[in-house]
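To find a chain, count down the sequence lines: A is the first, B the second, and so on, and within it residues start at 1. In this text, all values refer to a predicted model and were calculated from it rather than measured experimentally. Side chains are part of it too, since the values below use all heavy atoms of this structure and drop only hydrogens, waters and symmetry mates.
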Amino acid sequence: MMHLRRVNGSTPAAPRGPVLSVRDLNVAFHTRHAPLVALDGISFDVAPGEVLGVVGESGAGKSLTGAAVIGLLEPPGHIAGGEVRLNGQRIDNLPAEAMRRLRGRHIAMVFQDPLTSLNPLYSVGAQLVETIRAHTTLSEVEARERAIALLGEVEIQDPRQRLASYPHEFSGGMRQRVVLALALCAEPALLIADEPTTALDVSVQAQIIALLKRLCRERATSVLLITHDMGVIAEAADRVAVMYAGRIVEIGPAREVLQNPQHPYTQGLMGAIPSLWSGRDRLVQIPGAMPSLAAIPSGCAFHPRCPRAFERCHIARPEPRRIGASQAACWLLCEEAEARA
Amino acid sequence: MIARASRSAQRTASGLLAGIGRMFRAWWAQMRNTDLVRSFFDSRLAVAAALAVLAMALAAMLAPAIAPQNPYDLASLSLAEASLPPAWIHAGDARYLLGTDDQGRDILSALLYGTRSSLVIGVSAVLLSAAIGVTLGLWAGYAGGRAGALIMRIADVQLTFPAILTALIIDGAALAIFKSYRMEGNRFAVLIIAIGLAGWVQYARTVRGAALVERSKDYVAAARLIGIGPLRIMFHHILPNTLGPVLVLATINLALAIVTEATLSFLGVGLPPSQPSLGTMIQIGNQYLFSGAWWMVAFPGLALATLALAVNLLGDWLRDALNPKLKP
Amino acid sequence: MLAFAIRRLLEALAVILAVALIAFVLFRFVGDPVNQMVSQDASLEDRLSLRRELGLDDPILLQFARFVGHAARGDFGVSYQMKQPVVNLIAERFPATIELALAALLIALAAGIPMGVYTAIHRDSWVSKSLLVLTVAGVSLPTFLIGILLIYLFAVVLHILPAFGRGEVVSIGFWKTGLLTTSGLRALVLPAMTLSLFQMTLITRLVRTEMLEVLRTDYIRFARARGLTERAINYGHALRNTLVPVVTVIGLQFGSVVAFAIVTESVFQWPGMGLMFIQAVQAADIPVMAAYLILVGFLFVTINLAVDLLYLRIDPRLRAGAP
């Protein structure tokens with residue numbers, strides 16, 4: 001299998017530091033009145049070959065994070081501060097054409113609904129060949145062969161025949177496989193997967209996640225896996241970041257965060273997951289709902305819903321604090337640490 | 001049966017008016033400070049268009065009071081004063097501000113009366129289209145059945161023809177009837193009926209769609225349970241909920257009705273020169289274009305263009321403002 | 001798909017029959033075939049025998065069947081005004097209208113589609129905004145006013161184009177064309193421009209709306225995420241998806257072009273079917289009116305059918321009967 005990174009001369013320097021580095025990223029929306037802050041100081045890294053999960057309820061800002069990284073924020077949304085670095089180089093302030101060259105080739109993104117992600121009027125083969133030829137110097141014939149190979153890799157039967165099929169002739173799961181093939185055909189360093197399994201049948205979800213893991217591991221592609229589904233995180237993520245109201249409240253190795261959550265919100269999320277073995281007869285529910293962008297609470301955004309909030313929580317916003325291998329932004333941790341000290 | 005039909009017609013009319021009245025009052029109370037009203041005053045185009053329409057409508061309605069001459073009164077016309085240019089040109093006469101046509105009619109007066117004719121015919125035709133279309137649409141949507149399917153079939157057939165052609169045919173048929181029975185028909189009424197009948201289809205389709213949706217809602221089932229008859233359900237309950245898109249349709253249709261009347265008059269099958277509308281005036285003036293009497297075409301043309309543009313702009317604004325998809 | 005096509009065919013036939021019915025009613029009951037054909041002082045016996053000759057006392061359904069039979073063979077009776085078989089009049093006028101309609105449609109497409117695409121891609125440029133204002137004018141202003149304006153500008157003031165008529169025509173078989181002579185082409189310019197304006201603005205607005213919708217879809221977003229050039233996205237993907245629904249509307253517009261030709265032909269005294277029709281309405285010439293109605297109805301229905309079948313071909317989703 002051809003590894004384009006060896007062939008194409010314009011690769012970024014061999015990754016030593018994190019593939020993706022986001023620092024204090026702010027995303028805001030211009031409105032008639034005041035600008036609405038949708039992402040408020042997001043910071044995280046993605047190491048080479050790692051799968052970082054981004055999890056949270058709807059409206060937490062997960063998809064916006066992905067869109068901001070790849071430069072596809074819909075106006076009036078815009079990056080209002082902070083920086084995004086890909087393999088050490090800043091990409092948030094690149095001109096449009098330079099950003100376009102990065103997309104597909106160094107950063108790729110797949111979206112939630114595979115049916116609407118593919119152009120219904122073009123055959124799958126045509127769309128694959130077009131994308132391949134946009135990023136390589138392959139001829140039409142060579143690109144077709146590569147497309148067939150890709151379809152085989154994503155486990156589509158009879159890839160040679162299927163090149164001429166149209167998107168509506170595939171099932172949901174198979175379409176998502178095609179979407180993955182399209183995203184990975186130029187072998188990007190980073191893949192952003194925005195709810196890749198949400199629109200699929202449960203039975204198919206596991207297959208797609210397994211496929212995603214395999215393909216990315218084989219190519220040493222890092223993944224920013226955005227989802228609201230903890231099960232997907234447990235299956236696929238190496239590390240996970242928990243988002244709430246546009247901020248990251250906890251980030252750490254997946255195992256740690258899932259089994260030993262530090263932040264009250266994460267604890268609430270874990271408690272809300274039904275389990276066959278925990279012997280609980282009620283699901284724990286977090287009272288209230290995620291605040292709207294126009295009404296983010298002062299201090300810690302979670303304090304109105306937090307069972308353990310105290311005075312400091314509505315005054316100042318907590319900074320992320322190291323706790324074991326994770327980090328969490330909660331005043332309780334400072335208190336406890338101080339108490340222990 | 002005629003009694004029942006006229007009762008239904010009365011109900012439709014009162015239902016429409018009551019619905020519109022209620023809707024307007026509630027709507028204005030809600031809307032005063034909302035985005036819709038604000039977007040209206042923000043959009044300079046919409047405000048300008050509304051002012052233009054208001055001004056022209058006012059002038060037209062007051063025509064008998066403010067026109068210097070009554071162009072319908074053939075006795076007051078004098079051929080000696082025919083084809084005079086506007087007053088500010090050397091050969092013009094101060095009494096005829098915008099000049100005269102080939103029969104000696106004062107262009108300004110004819111303009112005022114003509115605008116009035118155009119507006120009266122346009123608005124009446126739209127009301128007729130709306131009344132027919134809304135009633136048939138409600139029936140087809142709510143009562144459905146074979147009658148409903150037939151109505152929609154007829155609508156489909158009529159929709160294959162452009163409205164102007166339908167209006168032309170009806171108008172032509174009426175003229176032929178008048179001619180063969182050697183009678184002087186009421187051209188006003190004929191035009192209103194022709195244009196009105198040409199335009200009902202859109203209303204029927206829109207209202208039918210809305211009625212189908214409303215029919216399955218709870219409040220309708222509740223009303224039926226209480227024993228309210230179908231007619232009352234249709235006109236007092238379902239109708240008000242479908243008036244929004246009907247309003248947009250009516251505004252856009254008004255521009256079309258005005259232009260259709262002008263076109264029919266221009267073609268010589270609308271209002272005659274003795275009761276000229278803007279279209280008729282343009283047709284008369286067209287014959288003298290080459291001989292340099294530009295004022296006979298220019299002023300009615302300008303008036304017609306302004307009216308059509310203004311009403312269209314209002315309709316456009318209204319449609320965009322009420323369109324949920326375009327909200328940011 | 002075959003079932004769909006057959007059903008559409010039957011529906012089309014039904015519509016044509018309905019139109020023929022209206023034309024028949026017009027022909028038989030609005031006009032009085034006898035009164036128009038004899039002089040004022042014809043005797044009662046002459047009238048009665050003429051009635052029997054024309055079969056006017058037979059059952060209505062039979063008369064209708066006869067009427068349809070005649071129409072299918074191209075016999076539409078004799079014009080009251082011109083005293084000629086209607087079908088001759090139509091044959092004479094048909095080429096003029098078709099040439100005008102096709103020229104207008106061509107202009108409308110050639111100008112409208114690029115303008116629509118431009119205003120969709122460059123939404124906020126002042127060029128786009130002024131174009132959009134012009135389109136409102138194009139949609140609201142009556143066709144005859146635009147025609148008169150153009151005549152005034154180009155014929156009266158500038159003297160560079162003729163104000164009426166068709167110019168010289170060349171006969172190819174039975175078809176008299178004005179496309180092969182300079183005077184014919186010059187005479188075509190103003191009428192075609194006038195007729196095309198309304199369509200052009202409609203097409204511009206339609207293409208713009210469709211394209212804006214398409215540009216917001218997920219597959220365009222994904223195409224961007226794959227790093228395809230703006231050019232490939234706008235013209236390769238977005239345009240193709242935009243044109244598919246637009247094509248159907250354009251096909252349907254041909255019908256209204258033929259109808260609006262009535263007005264344009266009147267303004268420019270263009271010797272086509274439209275002018276013939278309006279002269280028939282002015283003179284209450286029922287046979288011509290009825291014939292025009294049937295012909296135009298047939299034309300519209302055929303075009304609608306053709307467009308439906310064409311749509312089946314270009315949208316692969318419909319071919320397989322897919323969801």
Is the number of heavy atoms from other residues, nucleotides or ligands within 6.0 Å of CZ (A:R160) greater than 12?
no
If you look at every heavy atom in C:F222 and A:F111, which pair is closest and at what distance?
CA-CE1, 3.6 Å
Testing the basics here: between A:Y122 and C:R240, what is the closest heavy-atom pair and its distance to 0.1 Å?
CE2-NH1, 3.3 Å
When rounded to the nearest 0.5 angstrom, what distance separates CZ in C:R226 from CD in A:E130?
6.5 Å
Per-residue contact mode, A:I70 against chain C (heavy atom under 4.5 angstrom):
side chain
Checking heavy atoms, do the side chain of A:Q112, its backbone, both or neither come under 4.5 Å from chain C?
neither
Contact summary for A:R100 and C:L228, nearest pair of heavy atoms
CD-O, 3.5 Å
Donor-acceptor check, side chain of A:H135 to backbone of C:G227, threshold 3.5 angstrom: yes or no?
no
Does A:R144 have more than 12 heavy atoms from other residues, nucleotides or ligands lying within 6.0 Å of its CZ?
no
Do you know the tightest heavy-atom contact between C:R221 and A:A67?
NH2-CB, 3.9 Å
Identify which part of A:I107 has an atom lying under 4.5 Å from any heavy atom of chain C, answering side chain, backbone, both or neither.
backbone
Is the number of heavy atoms from other residues, nucleotides or ligands under 6.0 Å of A:H30 NE2 greater than 12?
no
Measuring from C:I233:CD1 to A:N119:CG, what's the distance to the nearest 0.5 Å?
11.0 Å
For A:Q157, I'd like to know if atom CD has over 12 heavy atoms of other residues, nucleotides or ligands within 6.0 Å.
no
Take atom CZ of C:F298 as the centre, draw a 6.0 Å sphere, and report whether it contains more than 12 heavy atoms from other residues, nucleotides or ligands.
no
To check you understand the geometry: which heavy-atom pair defines the closest contact between C:Y219 and A:L118, and what is its length?
CB-C, 3.6 Å
